[in-house]
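Report on the following structure.
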Number of protein chains: 2
Amino acid sequence: MVDAVQGLRERKKLAAWRTIRSTALRLIGERGFDAVSVEDIAREAGVSRTTFFSYFPSKEAVLFDLDPVEVQRWQEMLDQVPDDVPLWTAMTDVALALAASLADRLPLQKRLTAQSPDVCSAAQGTCDTFYPDLHEWLTRRSPDADRVHAALVLNTAVAAVATAIEAWDVDDPFEDFLQILRDCLRWAGAGLAHPVG
Amino acid sequence: MVDAVQGLRERKKLAAWRTIRSTALRLIGERGFDAVSVEDIAREAGVSRTTFFSYFPSKEAVLFDLDPVEVQRWQEMLDQVPDDVPLWTAMTDVALALAASLADRLPLQKRLTAQSPDVCSAAQGTCDTFYPDLHEWLTRRSPDADRVHAALVLNTAVAAVATAIEAWDVDDPFEDFLQILRDCLRWAGAGLAHPVG
DNA sequence: GTAAAAACTTGCACTGCGTCCAGTTTTCGG
DNA sequence: CCGAAAACTGGACGCAGTGCAAGTTTTTAC
């Protein structure tokens, strides 16, 4: 499923990625996003500022980017969805799976986006990681005539996820979040189940 | 309707706002977003860099912020929507009115968001101007139990607008854009017409 | 095992955004 | 006309993000 052990270089890279990420989450969790500089994170993680930016394209990305292994597992999931599943159903499944993988970071992310508007707008960019892939995936699975429909399916799903994140109380169990998300997807998707409305 | 002539101070402020805005749109339209600095815009508009930031909170904002007069007209429109209009219907009307006021800038915005990803993520922030107001407006108009529903209505409408902007061809007449938007709103809203799905 | 090649890290310098502040000019109310 | 309030200015600062020429480590080929 996941490549066991590649070369030393690959393993070191992944380790570095995770060290930087966890260091950043810890520091930012302690002091807040604006009170921690990239310099701070790099120093604490034992790398140079330059190296930080070779792993993450921006300071915000360290909060929202996915672990490479997660990305890979997630790509494989996309490939395994049968072609005959209706677009909205497929999208729903993917959204729920994706949401489930956010379990550990979601509380911190909610807290931070509430604090600083800088992070808040970047939070929408969370989707930036998936958006192009998903867009391509959906477009490939739908006839040319329904390209608008495919885009609408994606954006509506994003809206449902955003709403669920917004509505979920951090103190409630994570399962509640998934339930809210299921409801949102069902409500928002009622009109999208069939390609031509 | 709109205050005719307030003090000289107010008029000068509005004039300065519009000068900065139009200068920025011209320069950015000519050279591209990244090739124009705030310094350039300020110099060309005849103000200092500091003053630029007293009118616009960021470089991106100069592309997406609404003319103060438009904002005011738009607030009045919100107040005039009767309370007995269903939530989704009201939202649809507002979205369409809002979209109509984008007529002149949309082509430039589409061109720029396609060029640079910096602008693209900022484009989502367009809604930042309206989002809090609309959120408050919708929440006020719906019972506490339906707060999730209200948020979903808003986010879904945003999704519809985003999709329509994405799907519209800049070379087609603006009316086509509104038609696509109407379709998107209808499809996406099919499940939202009734508070409890 | 060793040497060349490729990939990664590092420090440094640079541009540009956004903020702060102290001093000046402009507008408003009386 | 005058004092207060608001707006503009220049300069300095911190930090994000990029480019580059080193130096170091891993891989590859022999």
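In what follows, chains carry the letters A, B, and so on, assigned in the order in which the sequence lines appear, proteins first and then strands, with residues in each chain numbered from 1.
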Minimum heavy-atom distance between V62(B) and K59(B), given as atom pair plus value:
CG1-O, 3.2 Å

Under 3.5 Å, side chain of [X] to main-chain N/O of [Y], donor-acceptor pair present?
{"X": "T113(B)", "Y": "K110(B)", "answer": "yes"}
{"X": "E39(A)", "Y": "R49(A)", "answer": "no"}
{"X": "H149(A)", "Y": "P143(A)", "answer": "no"}

Send over the distance from [X] [atom1] to [N] [atom2], rounded to a whole Å.
{"X": "R11(B)", "N": "dT26(C)", "atom1": "CZ", "atom2": "C1'", "result": "14 Å"}
{"X": "F33(B)", "N": "dT15(C)", "atom1": "CZ", "atom2": "P", "result": "19 Å"}
{"X": "D34(B)", "N": "dG19(D)", "atom1": "CG", "atom2": "C1'", "result": "16 Å"}
{"X": "E39(B)", "N": "dG18(C)", "atom1": "CD", "atom2": "C1'", "result": "13 Å"}
{"X": "R9(A)", "N": "dA7(C)", "atom1": "CZ", "atom2": "P", "result": "7 Å"}
{"X": "I41(B)", "N": "dG16(C)", "atom1": "CD1", "atom2": "P", "result": "12 Å"}
{"X": "D40(B)", "N": "dT15(C)", "atom1": "CG", "atom2": "P", "result": "13 Å"}
{"X": "K13(B)", "N": "dC28(C)", "atom1": "NZ", "atom2": "C1'", "result": "15 Å"}

Could I get a table of every N or O pair under 3.5 Å where one atom is in the protein and the other is in nucleotides 21-23 of chain C?
none

Would you indicate which nucleotide in [options] comes nearest to any side-chain atom of [X]?
{"X": "E60(A)", "options": "dA6(C), dG17(D), dG18(C)", "answer": "dG17(D)"}
{"X": "Y55(A)", "options": "dG17(D), dG18(C), dT9(C)", "answer": "dT9(C)"}
{"X": "R49(B)", "options": "dT19(C), dA5(D), dT25(D)", "answer": "dT19(C)"}
{"X": "S54(B)", "options": "dA16(D), dC8(D), dG11(C)", "answer": "dC8(D)"}
{"X": "S48(A)", "options": "dG16(C), dA16(D), dT10(C)", "answer": "dT10(C)"}
{"X": "K12(A)", "options": "dG18(C), dA7(D), dT25(D)", "answer": "dT25(D)"}

Given R141(B), which partner from the list D79(B), D84(B), D83(B), D146(B) fulfils the salt bridge (Lys or Arg N to Asp or Glu O under 4.0 Å) test?
D83(B)

Position toward the 5' end of DNA chain C (nearest nucleotide), K59(B) or V47(A):
V47(A)

Nearest 0.5 Å please: distance from the CG atom of N155(B) over to the CD1 atom of I165(A).
10.0 Å

More 5' along DNA chain D: E10(A) or F52(A), using each one's nearest nucleotide?
F52(A)

Does a nitrogen or oxygen in the side chain of T51(B) sit under 4.0 Å from OP1 or OP2 of dA7(D)?
no

Side-chain contact, heavy-atom cut-off 4.5 Å: R186(B) with T92(B)?
no

